[in-house]
Structure formats: C-alpha cells, structure tokens
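Reviewing the structure listed below.
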Amino acid sequence: MISIKQFVFNPWQENTYVVYDKTGDCVIIDAGCFNSKEINDLHDFIKSNNLTVKHILNTHLHIDHILGNAALLSIFGLKPEAHENDEFLIDQTMAYASQLGISLSIEPPYPAKYIDEGQIIEFGNSQLEIFHIPGHTPGHLVFYNREAGVLFSGDVLFQESIGRTDLIYGNYETLLRGIIQKLMPLPDNTKVFSGHGDSTTIGHERQNNPFIRHMNFN
C-alpha cells in the first residue's frame, strides 16, 4: 500500500504530493514549491524518510504546479514527466510570472518524456494508472492507484467543484465529459486528492458536486 504526504505551497495554495511505499521509492506529483523554505521542507521530508525519488510527475503544466521543477532537477537530477499537449505552457511561464510580479531566476525545465493514458508509472511495488482528461488544459492527466483506491486529480476535480475552463484552451464540455466517463465509474470510496483544497471521494462528488450530481451514470 502507498503512503501520501501532502504539502500546500506557493501563493496559489497548491497541493504537492509525495507518494511512496514500503520500499522507499516515491514519486512527487505537482511540485509547486516556490521559495527556499518550501523547497527545503519537501527535500527534508524525502531525506528524513530515506525516500528515493523515481519520478517527478505533473498533472498539468500551469505555473502553480511547476514552480519547483527546476529546483528538483538540481537536487535529484530528474526532469518532470507530463503530457505533450501541455508543453506550450512552459513557454509562457516566465512572461506570466513577470506579469504577476513573481521573479523566477530559472526557467522551468521541459519534460524528460511525455506520458499519456494507457501507460503505467511504476515505483517500488506500486503503480499509478494514467487518465488523460483535457478541458482545464489540453494535456491534463490524472493519476490513479487502484490498489489503494486513491486518485490524484490535479485541477480536474475538486471537492464539490471542477477545474476552471475559462483559461487558454479550456473547454467545459470536454472537461465534464472526461470526469463523467473516466472518473465517475470508479468506486465510491475512491479518495480524491486534488490540486487545491481538501480531499474528497468519488461517491461524495457523485452525490454532491453541483456540476455532476444531475448526470445519469447508468
């Protein structure tokens, strides 16, 4: 079974996750660590638990989810893995940060490789399945550990909400269709760890999410 450490980083209050099992192998999902304290907090947790980072994964490549990727490349020698359709967002990161008054000394690295639905991320004795659910961004991915019944949804699904679709290349119908077709069939007790805010479950969202509860899942 997997263990999960959640951090809340950067001005956007983004959730970064370290996912690991008893072998000590781990993955980092959405490294949003923004300043030296946040980077050190993440690094210290990994060191103190004797973890070995096997993958740095991104659900998507919006600025708040990739701020720590350059630091992690320096520390662990690993570049992120993400969907090819989101790579264009990296080209916009420096200019967008400047518009927000955020100074980035190093441009976020491009992915080491592209990953997509149907592939499996392996670390230790554990696996993460991949769902491609565009609509918030074109290349948005969701990671699912079937054994533990745990889903890392990024900015696709939140507690009683869904991801924004008013940003560049967002699409409400596409996002909702992906949630309905790929996430709602999962077991009710599937725990959902989102990119922002509190965790939830698939069952709770099926009954209480105002964007979803009126849908027919049969």
Self-check item: Steps toward side chain to side chain contact (heavy atoms under 4.5 Å, CB included) verdict (I121, Q119)
Solution: CA-CA 7 Å; I121 302 295; Q119 295 177 257; 5.9 Å; no
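- The ring-ring contact (aromatic ring centres under 6.0 Å, His included) check on F158 picks up nothing, with sequence neighbours excluded.
- With sequence neighbours left out, F45 forms a side chain to side chain contact (heavy atoms under 4.5 Å, CB included) with K5, F7, V18, Y20, N49, L51.
- Residue I63 holds its CD1 atom at 11.5 Å from CD1 of I90, rounded to the nearest 0.5 Å.
- To the nearest 0.5 Å, the span separating CD1 on I39 from CG on D44 amounts to 11.5 Å.
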Quiz item: Passes side chain to side chain contact (heavy atoms under 4.5 Å, CB included), L186 versus F131? Steps please.
Solution: CA-CA 12 Å; L186 298 176; F131 300 127; 4.3 Å; yes
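- Both V156 and Y172 belong to a single network of hydrophobic side chains, linked directly or stepwise wherever heavy atoms of I, L, V, M, F, W or Y lie under 4.5 Å apart.
- Note that the CG atom of L42 and the CZ atom of F9 stand 5.0 Å from one another [nearest 0.5 Å].
- The backbone N or O of E160 sits less than 3.5 Å from a side-chain atom of E205, completing a donor-acceptor pair.
- A donor-acceptor pair under 3.5 Å is formed between the side chain of E38 and the backbone N or O of N10.
- Take S194 and apply the side chain to side chain donor-acceptor pair (under 3.5 Å) test, not counting sequence neighbours, and it matches S153.
- Taken from OG1 in T93 to NE2 in H62, the straight-line distance is 9.5 Å, to the nearest 0.5 Å.
- Counting heavy atoms from C-beta on, the side chains of K22 and S3 never come closer than 4.5 Å.
- Between H132 and G139, the shortest heavy-atom contact is NE2-CA, 3.7 Å.
- Counting heavy atoms from C-beta on, the side chains of P134 and L175 never come closer than 4.5 Å.
- Considering N208, V192, T200 as possible partners of Q159, the one that fulfils the side chain to side chain contact (heavy atoms under 4.5 Å, CB included) test is T200.
- Closest heavy-atom contact between I130 and I115: CD1-CB, 4.0 Å.
- Side-chain N or O atoms of H140 include one that pairs as donor or acceptor with a backbone N or O of D155 at under 3.5 Å.
- A donor-acceptor pair is defined here as one N or O able to donate and one able to accept, closer than 3.5 Å; such a pair exists between the side chain of N145 and the backbone of Q127.
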Side-chain atoms of residues 71-83: list all donor-acceptor pairs with protein atoms under 3.5 Å, sequence neighbours left out, distances to 0.1 Å.
from, atom 1, to, atom 2, distance (Å)
E81, OE1, H55, ND1, 3.4
E81, OE2, H55, ND1, 2.8
H83, ND1, N85, N, 3.0
H83, NE2, D116, OD1, 3.2
H83, NE2, D116, OD2, 3.3

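- Grouping the Ile, Leu, Val, Met, Phe, Trp and Tyr side chains by contacts below 4.5 angstrom, directly or via other members, places I168 apart from Y96.
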Quiz item: Given the rule in the side chain to side chain contact (heavy atoms under 4.5 Å, CB included) test, do T59 and V142 qualify, once you have shown the distances and angles that lead to the verdict?
Solution: CA-CA 6 Å; T59 59; V142 171; over 6 Å; no
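- In this structure, I66 is a member of the same hydrophobic cluster as L89, with clusters built from ILVMFWY side-chain heavy atoms closer than 4.5 Å.
- The cluster map of Ile, Leu, Val, Met, Phe, Trp and Tyr, joined by side-chain heavy atoms under 4.5 Å apart, puts L141 and I2 in the same cluster.
- Within a 6.0 Å radius of NZ in K191, other residues, nucleotides and ligands contribute 12 heavy atoms or fewer.
- A donor-acceptor contact closer than 3.5 angstrom links the side chains of N58 and N69.
- For S126, the side chain to side chain donor-acceptor pair (under 3.5 Å) partners at least two apart in sequence or on another chain are D21.
- Contact between Q181 and P185 at its shortest, heavy atoms only, is O-CG, 3.3 Å.
- For the atom pair I179 CD1 and I162 CD1, the distance stands at 5.0 Å (nearest 0.5 Å).
- Residues L157 and I133 form no side-chain contact, since every pair of their non-hydrogen atoms from C-beta on lies 4.5 Å or further apart.
- In this structure, M1 stands alone, with no Ile, Leu, Val, Met, Phe, Trp or Tyr side-chain heavy atom under 4.5 Å from its own, directly or through other members.
- None of L128, T190, V150 except one satisfies the side chain to side chain contact (heavy atoms under 4.5 Å, CB included) rule with Y144; the exception is T190.
- No donor-acceptor pair closer than 3.5 Å links the side chain of D25 to the backbone N or O of F123.
- Aromatic ring pairs are classed by plane angle as parallel below 30°, tilted from 30° to 60° and perpendicular above 60°; the pair H196 and H65 is perpendicular.
- The backbone N or O of D30 sits nowhere less than 3.5 Å from a side-chain atom of H60 that would complete a donor-acceptor pair.
- Taken to the nearest 0.5 Å, the CG atom of D188 stands 7.0 Å off from the OG1 atom of T201.
- For T23 and N125, the side-chain atoms include no donor-acceptor pair closer than 3.5 Å.
- Residues D64 and L67 come closest through the heavy atom pair CA-CD1, 4.3 Å.
- With a 6.0 Å radius and a threshold of 12 heavy atoms from other residues, nucleotides or ligands, Y110 has its OH atom above the threshold.
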Self-check item: Chi angles and distances behind the side chain to side chain contact (heavy atoms under 4.5 Å, CB included) call for Y114, E87
Solution: CA-CA 9 Å; Y114 303 123; E87 187 177 82; 2.8 Å; yes
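- Clustering ILVMFWY residues whenever any of their side-chain heavy atoms sit less than 4.5 angstrom apart, transitively, puts I28 in a cluster other than the one holding L57.
- At least one donor-acceptor pair closer than 3.5 Å links the side chain of N209 to the backbone N or O of S161.
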